[in-house]
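Heavy-atom basis, side chains included; hydrogens, waters and symmetry copies ignored.
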Amino acid sequence: MHDMSHTVHHHAPPTSFIRKHIFSLDHKVIGKQYYGLALVAVLVGMVLSWIMRIHLGWTNYAIPGLHLLSSNGAPGNVMTPEYYLQLMTMHATIMVFFVLTTAPFAAFGNYFLPIQVGAEDMPFPHFNMMSFWVTFVAFLVLVASFFVGDGPTLGGWTQYAPLSAVGAVGGPGEGMGVVLWAASIAIFCVGQLLGSLNFITTTLDMRTRGMSLWRLPLSAWAWFITSCMGLTAFAVLMPACILLILDHVAGTSFFVPSNLVINDQLQPHSGGSTLLWQHLFWFFGHPEVYIAIVPGMGIVSHVLITNMRKPMLSHRVMVYSMGALAVLSYMVYGHHMFVSGMNPVSSLAFSFPTLIITIPSTIIVLIWLGSLYGAKLRINTASLFALGFVSMFISGGVSGFFLAQPSIDIMLHATYFVVGHFHMVMGVAAMFGIFAGTYFWFPKIFGRMMNETLGKVHFWLSFVGTYCIFMPFHYLGMAGNVRRYQAFVIEYMQPLIPVHRFITVAALVTGAAQFIFLYNLIHSRFWGKPATDNPWQATSLEWSTPTTPPPHNNFGDKLPVVYHDPYQYGVESSTGDYLMQASPEQVKTAYDEA
Amino acid sequence: MGKFFAVTIVVIAIASAIPILRHTWWMAPDISTHGAPIDEQMSETMAEAGISFLASQIILALFIWKFSSSRPSDPIKSFPGGAKAMVWAAFLLVGTEVLALGVFGVKAWANVYFAPPAANAMPVQVQAGQFAFYFRYPGPDGTFGPLHPDLISESNANFYGIDVDHDQDSKDDIVTAEMAIPVNREIHLLMHAKDVGHSFFVPELRVQQDFVPGLDLSMHFTATKIGRYEIVCTQLCGLGHYNMKAYLSVMSQEDFDNWLKKQAAMQ
Amino acid sequence: MATTIHEPPKIEKQGSAPHPVGGNGGGRNLVPAGADLARVKDYAPPPASTGIWVVLASISMTFAAFTSALIVRQGSAPDWRHLALPQILYFNTLVLIASSVTLEMARRQVGAYMAGPRDQTAAPARWLYITLLLGLFFVSGQYVAWLQLRAQGLYLATNPNSSFFYVLTAMHGLHLLGGLGGLVRVIRRLDRSILRKSTLDATSRYWHFMDVLWVYLLLLLWMKL
């Protein structure tokens with residue numbers, strides 16, 4: 001079916017509302033749907049974190065209206081200990097799965113990967129549509145657990161067995177709550193597997209003429225590498241969740257060992273392995289961390305390059321480093337289990353790959369820093385968030401040195417140090433990647449510019465605010481403050497409560513600043529300044545679409561032909577200091593002269 | 001804006017480092033014999049991570065300061081040395097740094113986990129359950145009686161499931177809610193969980209180890225300073241997790257003997 | 001479908017462009033001035049033939065996870081019992097292998113039909129129907145195996161062996177039902193003359209993989225249970 005005359009056989013865009021906006025096959029609509037889902041999820045997750053933070057700072061404070069959320073969980077508006085844990089579990093699950101996985105990967109990837117490779121759509125649009133709706137169902141199932149008997153599970157997003165597998169005797173939410181949680185995650189896995197299938201085949205098979213693999217922008221590379229990770233990681237989590245559900249509903253003993261006594265009752269299970277759950281979970285769990293952050297690296301590189309007006313020091317080294325992160329991420333998962341009772345020799349075996357993974361991470365940071373040298377850096381909201389990402393990634397990365405070492409982990413495991421580490425590196429940094437992507441691509445998606453002033457206010461409050469929140473987490477961890485505590489009744493932790501109060505105030509302010517973003521998003525969507533086709537003078541294919549937003553088939557009648565590497569900046573062309581990938585013009589590049 | 005951003009980054013980086021340098025919030029003083037290498041490892045890692053953190057943030061700020069004010073007519077420049085320099089720097093500086101940390105860290109880890117307990121180490125059993133620790137001392141016969149999980153009963157205060165009537169070895173076992181140990185004596189801690197996962201964390205003792213249901217684990221340590229410390233649970237175990245703790249009293253041998261006698265009388 | 005409008009990617013000859021040391025990622029033009037794009041090699045696999053390998057990789061990971069769970073669970077407690085596999089499993093295996101053979105016959109026949117001039121003769125779907133039938137036969141056979149285990153008093157939660165037996169056979173059965181759905185889709189598309197070769201190939205690869213996977217699972221169950 002090869003058509004060499006560049007023409008595109010039109011498939012008429014759908015006209016009915018349902019096919020156009022709800023059950024749409026268009027990757028752009030699906031991408032926006034994913035973004036919307038992530039936006040709803042992040043608001044829920046953020047409000048949960050507010051409630052938790054207030055509780056941590058002022059444990060007996062009655063939060064007005066909290067009983068409306070759950071009259072059992074917050075009688076008289078004061079949260080019960082178990083309700084804190086339930087909200088904490090939901091905060092983590094919602095954020096990790098439905099925000100950090102969906103927004104940078106599924107949302108932006110869906111929208112821009114096909115355009116960046118020069119395709120009309122993903123190869124399996126029906127699977128793509130299913131991918132979103134399956135994910136949506138997963139979200140509903142998770143949220144449904146707020147409304148069952150004793151509420152959502154309190155087991156944390158890691159759901160360690162046997163607490164997660166013994167059923168309702170384990171505590172509130174450990175019955176139906178866990179089943180809904182595991183079902184939601186298993187469904188989510190199916191959705192992401194379908195998505196990964198599309199991402200991989202899009203990258204391999206749907207590239208337009210002239211678009212060799214090395215001509216893919218770094219964002220496209222990042223999505224491709226992430227989808228390879230997702231394909232393997234989610235395929236392991238799904239069976240683990242199935243086995244967990246069976247332990248609940250069928251009385252099997254995969255994860256529950258013999259002779260457990262809860263409430264003086266000998267439990268009916270026997271022979272299961274509690275460490276098996278941890279191994280299965282973390283084999284997924286660690287790659288998941290990279291699934292959250294690698295798309296951010298790609299997006300940030302893409303945004304930075306455009307705003308530096310020069311390419312990265314090395315495109316290939318960036319790609320190889322992201323690939324190395326992906327491969328190594330499977331060999332390091334045991335560092336979550338240093339003091340879990342796993343063989344102590346394994347701890348050392350897992351420690352070294354964990355230390356080695358700092359090398360590709362360092363290379364990526366050094367390439368960013370080195371590329372900044374000699375740039376013509378434009379400061380706008382998108383580039384500020386991208387630079388903020390770099391700063392956050394450095395801060396979150398160096399604390400990894402500590403946690404990679406089993407001997408130090410004796411002191412830091414399960415403390416706020418760990419919480420600070422992962423919030424900085426995969427929470428805030430990934431969020432900054434999402435923000436950078438939003439401010440950068442919004443003009444293409446909606447044809448309107450976002451408000452720069454509001455954007456900058458949002459940036460400053462977020463940047464300073466998140467440092468105020470998450471830096472002190474490290475100090476708390478050093479002082480031995482254990483995570484997942486709803487109050488600090490342990491004597492040596494009581495002097496740390498003022499630090500928690502400071503963090504709470506910072507969290508409330510930073511969280512409130514996110515409403516500026518939300519306002520900006522909604523206001524600019526309808527009343528923003530109209531955008532041109534290429535407002536940032538960027539080079540990759542998403543800026544070559546015939547209209548803005550792109551038409552149903554992305555490129556109109558003709559798919560583009562690619563003549564250049566993705567980042568031709570700092571050249572002298574007829575358009576200025578950049579040359580678009582789809583432009584047949586030949587110019588001398590900076591490197592040709594060197 | 002760019003320059004202001006650069007200054008902000010530097011201020012944040014330095015402000016972040018000050019509490020670390022001043023040890024405003026720091027690990028509790030070490031009271032164990034195995035803790036020194038861990039502390040040393042922590043300080044070395046802190047130094048290296050701290051330098052990496054400050055250096056990269058400051059370079060980032062410097063470049064933002066310098067290059068955010070480029071004029072449109074300025075040509076772009078390339079970093080001397082290019083990507084190769086970066087790859088070498090990452091491999092040589094960071095690679096050797098982290099590998100050195102890793103190799104030295106093995107020693108600190110091996111101290112805790114690979115050395116067998118001394119033959120005369122005092123055995124103490126600890127059982128973690130929702131949401132309390134219970135400790136068992138073997139009594140004069142030096143032997144722990146067998147456990148019968150089906151006999152566990154909170155209401156009868158039989159926390160361990162010991163059968164005093166039938167098991168000879170159990171008759172003199174002493175079960176306590178608080179842990180007392182003699183100072184400068186090696187303790188062989190035998191750990192098991194009653195219900196779900198828990199953890200045994202005493203920051204001063206440089207000890208943290210999970211309880212794994214279905215798996216009997218053990219560890220050993222020596223406390224060198226008399227005092228009263230807190231044992232806390234660090235593995236999420238349910239609604240009372242935050243309040244799951246026990247006291248650890250490190251006593252002179254004499255005080256310990258008296259304490260144990262008193263506990264035995266209370267059984 | 002998106003695939004029909006897709007224009008194949010081009011792979012340029014490496015080294016045909018100026019290749020400054022260390023500098024890439026946007027610093028150079030891969031297509032040198034005056035290069036003739038039409039001359040560069042033209043190769044684009046249909047997405048289905050790449051996609052099927054992606055799917056198979058993912059399924060392999062899932063069953064690798066189940067396998068490691070089985071091995072860890074076996075070692076974790078002394079409650080592992082011997083379980084005599086129902087004899088019908090061996091018969092089912094033969095049926096499934098036979099279905100792979102018939103599918104291969106179908107693939108050749110349909111391939112020849114699609115390559116040849118499309119006259120008025122009906123599309124040759126006979127072997128596809130036979131494969132479909134054998135597949136259904138296999139699934140029913142697996143169900144009979146479950147019934148036989150149940151008759152022995154071995155339920156899902158009876159012991160770890162029976163748990164893994166039911167879980168692994170059920171997961172394989174579900175995936176196989178997916179393959180049956182794929183076969184039905186192939187037959188319907190063949191009838192309407194819109195079948196693509198890559199769809200047929202992908203479906204048959206999936207089916208053969210289910211075959212290999214089953215033999216692997218049977219060996220695993222036979223060795224471990």
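Contacts with chain B were tallied for A:Gly156, A:Ser347, A:Gly271, A:Gly397; A:Ser347 has the most, counting heavy-atom pairs under 4.5 Å. Of all the listed residues (B:Leu60, B:Val103, B:Ile59), the one sharing the greatest number of non-hydrogen pairs under 4.5 Å with chain A is B:Leu60. Looking only at heavy-atom pairs under 4.5 Å with chain B, the residue among A:Ile359, A:Asn307, A:Val482, A:Leu266 that has the most is A:Ile359. The greatest number of non-hydrogen atom pairs below 4.5 Å with chain B, out of A:Leu163, A:Val261, A:Leu260, A:Ile363, is found for A:Val261. Of the residues considered (B:Val87, B:Ile12, B:Leu147, B:Ile20), B:Ile12 shows the highest number of contacts with chain A, using heavy-atom pairs under 4.5 Å. Your options are B:Gly240, B:Gly2, B:Ser199, B:Pro213, and the one with the most heavy-atom pairs under 4.5 Å with chain A is B:Pro213. In terms of heavy-atom pairs under 4.5 Å with chain A, the best-connected choice from B:Arg206, B:Glu97, B:Gln208 is B:Gln208. In terms of non-hydrogen atom pairs under 4.5 Å with chain A, the most contact-rich of B:Asn243, B:Leu62, B:Val232, B:Leu93 is B:Val232. Among A:Val345, A:Ile356, A:Leu366, the residue with the largest count of heavy-atom pairs under 4.5 Å with chain B is A:Leu366. Between chain B and the residues A:Pro406, A:Gly341, A:Gly370, A:Gly480, the most heavy-atom pairs under 4.5 angstrom are made by A:Pro406. Ranking A:Ala487, A:Ser351, A:Ser258 against chain B, the residue ahead of the rest is A:Ala487, based on heavy-atom pairs under 4.5 Å. Chain A forms the most heavy-atom pairs under 4.5 Å with one residue out of B:His23, B:Lys66, B:Glu230, and that residue is B:Glu230.
Across all non-hydrogen atoms, the minimal contact from B:Ser155 to A:Asp264 is N-OD2, 3.9 Å. Scanning all heavy atoms of the two residues, the minimum distance from A:Tyr485 to B:Cys233 falls at OH-O, 2.5 Å. Heavy-atom minimum distance, A:Leu313 versus B:Ser78: CD2-OG, 4.0 Å. A pairwise comparison of heavy atoms in B:Trp25 and A:Ala479 identifies CB-CB, 4.3 Å as the closest pair. Residue A:Pro162 comes nearest to B:Asp195 through the heavy atom pair CG-O, 3.6 Å, listed as atom of the first residue, atom of the second, then distance. For B:Ala83 against A:Ile367, the heavy-atom pair with the smallest separation is CB-CD1, 3.9 Å.
For residues 104-115 of chain B, heavy-atom neighbours of chain A at less than 4.5 Å comprise B:Gly105, B:Val106, B:Ala108, B:Trp109, B:Val112, B:Tyr113, B:Phe114, sorted by residue number.
Heavy atoms closer than 4.5 Å to chain B are found in both the backbone and the side chain of A:Tyr475. Both the backbone and the side chain of B:Leu101 come within contact range of chain A, each with at least one heavy atom under 4.5 Å from a heavy atom of that chain. Proximity to chain B is limited to the side chain of A:Pro257, based on heavy atoms less than 4.5 angstrom apart. When heavy atoms are compared at a cutoff of 4.5 Å, B:Val207 approaches chain A solely by way of its backbone atoms N, CA, C and O. Contact of A:Arg483 with chain B is made through the backbone alone, with heavy-atom distances under 4.5 Å. Both the backbone and the side chain of A:Leu377 come within contact range of chain B, with heavy atoms under 4.5 Å apart. Only the side chain of A:Met471 comes within contact range of chain B, with heavy atoms under 4.5 Å apart. In this structure, the portion of A:Met88 lying under 4.5 Å from any heavy atom of chain B is its side chain and not its backbone. Interface residue A:Tyr160: only side-chain heavy atoms are found under 4.5 Å from chain B. Of the two parts of B:Leu217, only the side chain, counted from C-beta on, holds a non-hydrogen atom closer than 4.5 Å to a non-hydrogen atom of chain A. Within the 4.5 angstrom heavy-atom criterion, only side-chain atoms of A:Leu85, from C-beta onward, approach chain B. For B:Phe131, no part lies under 4.5 angstrom from a heavy atom of chain A. When heavy atoms are compared at a cutoff of 4.5 Å, A:Phe459 approaches chain B solely by way of its side chain, counted from C-beta outward. Heavy atoms closer than 4.5 Å to chain A are found in both the backbone and the side chain of B:Met46. Contact annotation for B:Ala15: only backbone heavy atoms (N, CA, C, O) come within less than 4.5 Å of a heavy atom of chain A. When heavy atoms are compared at a cutoff of 4.5 Å, B:Thr24 does not approach chain A at all. With a 4.5 Å cut-off on non-hydrogen atoms, B:Leu215 touches chain A through its side chain but not through its backbone. With a 4.5 angstrom heavy-atom cutoff, B:Gln130 touches chain A only via side-chain atoms. For A:Leu384, the parts lying near chain B are the backbone and the side chain together; criterion is any non-hydrogen pair under 4.5 Å.
Using a 4.5 Å heavy-atom threshold, the side chains of B:Val98 and A:Phe401 count as touching. Counting heavy atoms from C-beta on, the side chains of A:Phe463 and B:Phe5 come closer than 4.5 Å. Looking only at side-chain heavy atoms (C-beta outward), A:Phe352 and B:Leu99 come within less than 4.5 Å of each other. Using a 4.5 Å heavy-atom cutoff, the side chains of A:Met478 and B:Met42 are in contact. Two residues are said to be in side-chain contact when any heavy atoms from C-beta on lie closer than 4.5 Å; B:Ile64 and A:Leu387 meet this criterion. In this structure, the side chains of A:Val339 and B:Met219 stay at 4.5 Å or more apart for every pair of heavy atoms.
Ring geometry for B:Phe4 versus A:Trp460: interplanar angle of 30 to 60°, hence tilted.
Checked against the 6.0 Å centroid threshold, B:Phe79 and A:Tyr373 count as a close aromatic pair.
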(message) Between B:Lys77 and A:Lys310, is the side-chain contact (heavy atoms from CB on, under 4.5 Å) condition met? List the steps.
(response) CA-CA 9 Å; B:Lys77 279 179 295 196; A:Lys310 66 186 281 243; over 6 Å; no

(request) Begin with the C-alpha distance, continue with both residues' side-chain angles, and end with the deciding distance and a verdict on side-chain contact (heavy atoms from CB on, under 4.5 Å) for A:Leu369 and B:Ser56. (result) CA-CA 8 Å; A:Leu369 292 180; B:Ser56 350; 4.3 Å; yes

(message) Apply side-chain contact (heavy atoms from CB on, under 4.5 Å) to residues A:Ile408 and B:Glu44 and explain how you reach the verdict.
(response) CA-CA 11 Å; A:Ile408 297 181; B:Glu44 277 168 25; over 6 Å; no

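Between the A:Lys376 side chain and the B:Asp74 main chain, a donor and an acceptor come within less than 3.5 Å of each other. Checked by atom type and distance alone, the side chain of A:Glu82 never pairs as donor or acceptor with a backbone atom of B:Leu239 at under 3.5 Å.
Between the OG1 atom in B:Thr234 and the CZ atom in A:Arg484 there is a gap of 10.5 Å [rounded to 0.5 Å]. Rounding to the nearest 0.5 Å gives a distance of 13.0 Å between OG of B:Ser68 and CE of A:Met308. Rounding to the nearest 0.5 Å places OG of A:Ser383 at 9.5 Å from CE of B:Met1.
Sorted by first and then second residue, the side chain to side chain donor-acceptor pair (under 3.5 Å) pairs involving residues 393-418 of chain A (not counting sequence neighbours) are A:Ser395-A:Tyr467, A:Ser395-B:Gln57, A:Ser399-A:His421, A:Gln405-B:Gln41, A:Gln405-B:Thr45, A:Asp409-A:His413.
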